[in-house]
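Since the structure comes first, as structure tokens, the remarks are kept for the end.
Please read these numbers as outputs of a predicted model, since none were measured by experiment. A note on names: the letters A, B, ... follow the listed sequences, proteins ahead of strands, and every chain is numbered from 1.
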There are 2 protein chains.
Amino acid sequence: MSYSVKEVAEMFRISPHTVRYYTDQELIPGVARDHNGRRMFDDAALGWLRTIIAFRSAGMSIDMIRHYLDLYNQGEETIPARYQLLVKQQQLTRQKLDDLTQQLEVINEKVQSYDGWIHLAGSTQNKNSGSDC
Amino acid sequence: MSYSVKEVAEMFRISPHTVRYYTDQELIPGVARDHNGRRMFDDAALGWLRTIIAFRSAGMSIDMIRHYLDLYNQGEETIPARYQLLVKQQQLTRQKLDDLTQQLEVINEKVQSYDGWIHLAGSTQNKNSGSDC
DNA sequence: TGTTGACTTCGAGTAACTCGAATTTATTAT
DNA sequence: ATAATAAATTCGAGTTACTCGAAGTCAACA
């Protein structure tokens, strides 16, 4: 059995545009066309798409995914290289997480400063000495 | 005293290109030009730039920052609106943090699966039944 | 026969930079 | 005085991963 762009898009809850984009980027091996040029996805293609979506949601770039596919196609001797690639992505994601944690603190402070400002309006207290916007 | 693009860029460890970009986007009020058209940043401009960088690092979009500046320029009666804007950004950032935490787990699992694969090579054990790339 | 509806390709738009080229200007060295 | 260097300017294009819309093709149904 094979599936159309729309079916696949609904299956994975992504837009048909994105599905076409991934095939155009050659991220999904084995997507055939019917006699009208329409994309046909088989189960193997669905498996790859699932992986690609997982990788993307893990923050991996399209380029990195392409690289991973290249390695995969070169056989088992690239397993260590693929492992390295994943570890690298792991580090990148951890870094992002740390950054975002700090960012949340910055904004938390801002909000708190407004909290104080609003609830103590008219009071003489004013911790920030002027330059805080 | 006033500072050049390069000085400001070094002060905040961002590229001169980015500094010019922010002024072009009118994010920094009160950046004057000298008789040769060069940007001159005073202390107030530095204060704004510090705020802008904090907001950006908090994940706020340029558009949202522009909106915040507009509100600021309209005076104290916009304090509640500014507060709302910050709370909204706070929520957005929390959401991002949650997403990223999940993403990290996805990739952690992948790495672990490779870990097992590498260290148990040749063993009969194989948890994943084929379709895992 | 006509009208959906889904498919196709192609080209442009988005955000927030990032880069490079061409040009102008001020400072310094010879 | 002149030439080289460094930093500034503007402008336009490139980046990433989509996202959107237009124009055209095709099969199925009323």
Side-chain angles (χ1 to χ4, degrees), chain A residues 2-28 31-42 45 48-49 51-69 88-89 92-93 95-96 99-100 103, chain B residues 2-28 31-42 45 48-49 51-69 88-89 92-93 95-96 99-100 103:
Chain A
S2 79
Y3 310 90
S4 72
V5 165
K6 203 199 175 194
E7 286 169 331
V8 170
E10 278 166 2
M11 248 180 251
F12 290 99
R13 297 159 184 279
I14 58 181
S15 84
H17 273 295
T18 303
V19 175
R20 278 192 287 272
Y21 175 72
Y22 286 163
T23 61
D24 290 353
Q25 295 297 311
E26 320 232 39
L27 295 188
I28 313 172
V31 177
R33 303 289 184 125
D34 70 5
H35 68 101
N36 283 319
R38 287 176 166 107
R39 293 166 183 83
M40 298 185 311
F41 299 82
D42 60 7
W48 276 111
L49 185 50
T51 300
I52 289 159
I53 290 171
F55 280 171
R56 279 297 301 141
S57 95
M60 210 181 289
S61 74
I62 297 283
D63 250 22
M64 222 158 165
I65 293 174
R66 225 192 316 263
H67 188 196
Y68 184 88
L69 288 180
K88 193 170 174 181
Q89 182 57 45
L92 284 175
T93 308
Q95 184 61 54
K96 267 199 211 169
D99 289 354
L100 210 56
Q103 294 167 14
Chain B
S2 80
Y3 310 89
S4 71
V5 165
K6 203 199 175 194
E7 285 168 333
V8 170
E10 277 166 3
M11 247 178 251
F12 290 100
R13 296 160 185 278
I14 59 181
S15 84
H17 273 294
T18 303
V19 174
R20 279 191 288 269
Y21 175 72
Y22 286 162
T23 62
D24 291 352
Q25 295 297 312
E26 320 232 38
L27 295 187
I28 312 172
V31 176
R33 302 288 185 129
D34 70 6
H35 68 102
N36 282 319
R38 289 180 165 102
R39 293 165 182 81
M40 297 185 312
F41 300 81
D42 60 6
W48 275 112
L49 185 51
T51 300
I52 289 159
I53 291 172
F55 280 172
R56 279 297 300 141
S57 95
M60 210 181 288
S61 73
I62 296 284
D63 252 20
M64 220 159 169
I65 293 174
R66 226 191 317 262
H67 187 196
Y68 184 88
L69 288 180
K88 193 171 175 183
Q89 181 58 46
L92 284 176
T93 308
Q95 184 62 53
K96 267 199 212 170
D99 289 353
L100 210 56
Q103 293 167 15

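Judged by closest nucleotide on DNA chain C, A:R33 is the one of B:I62 and A:R33 placed further toward the 5' end.
The two residues B:L27 and B:L69 make their nearest non-hydrogen contact at O-CD1, 3.0 Å.
For B:Y21, the side-chain contact (heavy atoms from CB on, under 4.5 Å) criterion is met by B:Q25, B:I62, not counting sequence neighbours. In this structure, the salt bridge (charged side-chain N to carboxylate O under 4.0 Å, His left out) partners of A:R39, at least two apart in sequence or on a different chain, are A:D24. In this structure, A:D42 has no side chain to side chain donor-acceptor pair (under 3.5 Å) partners at least two apart in sequence or on a different chain. Annotation: side-chain contact (heavy atoms from CB on, under 4.5 Å) contacts of B:S2 (sequence neighbours excluded): B:M40. Not a single salt bridge (charged side-chain N to carboxylate O under 4.0 Å, His left out) links A:D34 to another residue, sequence neighbours left out. For A:R38, there are no salt bridge (charged side-chain N to carboxylate O under 4.0 Å, His left out) partners two or more places apart in sequence or in a different chain. Scored by the side-chain contact (heavy atoms from CB on, under 4.5 Å) test, B:A9 finds B:P16, B:V19 as partners (sequence neighbours excluded).
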Hey, mind stepping through A:K96 and A:D99 against salt bridge (charged side-chain N to carboxylate O under 4.0 Å, His left out) and telling me if it holds? CA-CA 5 Å; A:K96 267 199 211 169; A:D99 289 354; over 6 Å; no
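For residues 10-19 of chain B, the set of pairs meeting the side chain to side chain donor-acceptor pair (under 3.5 Å) definition, not counting sequence neighbours, comprises B:S15-B:T18.
Separating the OH atom of A:Y3 from the P atom of C:dA6 is a distance of 19 Å, rounded to the nearest angstrom. Summarising the geometry, the separation between NE2 on A:H17 and P on C:dT8 is reported as 11 Å, rounded to the nearest angstrom. When rounded to the nearest whole Å, the span between CZ of A:R20 and C1' of C:dC7 equals 7 Å. Regarding B:M60, its CE atom lies at a distance of 16 Å from the P atom of C:dA15, rounded to whole Å. Between the CD1 atom of B:I65 and the C1' atom of C:dC17 there is a distance of 13 Å, given to the nearest Å. Put simply, OH on B:Y21 is 10 Å from P on C:dT18, counting in whole angstrom units.
If one axis is set at each end of the helix from C:dT1-D:dA30 to C:dT30-D:dA1 from five pairs, those axes are 30° apart, to 10°.
Contacts between residues 4-15 of chain B and DNA chain C, defined by a heavy-atom separation under 4.0 Å, are absent.
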Do any N or O atoms of the protein come closer than 3.5 Å to N or O atoms of nucleotides 24-26 of chain C, and which pairs are they?
{"from": "C:dT25", "atom 1": "O3'", "to": "B:N36", "atom 2": "OD1", "distance (Å)": "3.2"}
{"from": "C:dT25", "atom 1": "O3'", "to": "B:N36", "atom 2": "ND2", "distance (Å)": "2.9"}
{"from": "C:dA26", "atom 1": "OP1", "to": "B:N36", "atom 2": "ND2", "distance (Å)": "2.9"}

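Scanning DNA chain D 5' to 3' for nucleotides with an atom closer than 4.0 angstrom to a non-hydrogen atom of chain A gives a first and last hit of D:dA17 to D:dA27.
With hydrogens and angles disregarded, a donor-acceptor distance shorter than 3.5 Å links the side chain of B:T93 to the backbone of B:A58.
Note on B:Y22: a side-chain N or O is less than 4.0 Å away from OP1 or OP2 of C:dC17.
The shortest side-chain heavy-atom distance between B:R56 and B:I53 does not fall under the 4.5 Å cut-off. Here the side chains of B:T23 and B:F41 are in contact, with some heavy-atom distance below 4.5 Å.
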